[in-house]
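Everything below concerns the one structure shown next.
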Amino acid sequence: MKFEGVHEKTLVLIKPDAVQRGLVGEIVKRFEIKGLRIVGMKMMRLDEATLREHYAHIAAKPFYPTVEKFMMSSPVVALCLEGLEVVDAVRLVMGITKSRAAEAGSIRGDLAMGYGNNVIHGSDSVENAKAEVARFFKEEELLDYTKDEFMHVYSEDERV
Ligand code: UDP
Ligand code: MG
């Protein structure tokens, strides 16, 4: 796979529990202060078909109907984030799936207690991130712009 440097992208969904609990700003802030570039951000409602595609790997699990209902219970906020090895970086910042066991300092570890209700989705591989960004964003909804901060976030040799 082509090395995409600081332009690697990932897909984040701020889930309905976070929207309802007023945590959108807190979650966006954590990505901003981490040094990531927001290239897409919108509020949207998810439907069954999108969720079935997005959660194909859990669609046969007994807990899937609960997840589906939860994910449709209010709008979500979709974010496309960019940075060096951003897929892995976002997974680390998120914490593990079961929030009450997630490491302190992570988004789930600090902000949630639930398993299903775990405030955030983040792509789990570069390949899945590509498919997920394309699923939730149209090409024209991703904005390419210079973020001068990148020159302070990365060293010169990392900033390719
Ligand atoms: N989930 C759940 N119970 C489980 C496993 C997963 O409710 O035992 C939900 C949870 O909201 C999770 C989502 O299904 O975020 C997708 O599962 P995945 O294994 O992809 O976890 P993630 O990548 O979100 O950590
Ligand atoms: Mg996952």
Backbone N or O of [Y] within a donor-acceptor pair of the [X] side chain at under 3.5 Å?
X	Y	result
Lys42	Phe136	yes
Arg108	Ala102	no
Ser123	Thr10	no
Asn117	Asp17	no
Tyr154	Leu84	yes

Report task. Quick one: closest heavy-atom pair of Lys9 and Val133, and the distance? Result -> CB-CG2, 4.4 Å

Same hydrophobic cluster for [X] and [Y], using side-chain heavy-atom links shorter than 4.5 Å among ILVMFWY?
X	Y	value
Leu92	Ile14	no
Val39	Met44	yes
Ile27	Met43	yes

Query raised in the report: Between Glu140 and Lys138, is there a salt bridge with N-O shorter than 4.0 Å?
Result: no

Query - Pair Arg52 + Glu68, salt bridge at N-O below 4.0 Å - result: yes

Take a 6.0 Å sphere around [atom1] of [X] and say whether it holds more than 12 heavy atoms from other residues, nucleotides or ligands.
X	atom1	result
Lys34	NZ	no
Glu103	CD	no
Glu139	CD	no

Query raised in the report: For the atom pair CD (Glu8) and CG (Leu81), what is the distance rounded to the nearest 0.5 Å?
Result: 11.5 Å

Report task. Using distance alone, with no hydrogens and no angle criterion, decide if Asn118 and Lys15 have a side-chain donor and acceptor under 3.5 Å apart. Result -> yes

Requested in this report: Evaluate the criterion salt bridge (charged side-chain N to carboxylate O under 4.0 Å, His left out) for residue pair Glu4 and Lys130; output intermediate values, then yes/no.
Outcome: CA-CA 12 Å; Glu4 300 190 25; Lys130 280 189 205 302; 2.4 Å; yes

Query raised in the report: Any side-chain heavy atom of Asp110 sitting closer than 4.5 Å to one from Arg30?
Result: yes

Query raised in the report: Taking C-beta and beyond as the side chain, do Met71 and Pro16 meet within less than 4.5 Å on heavy atoms?
Result: yes

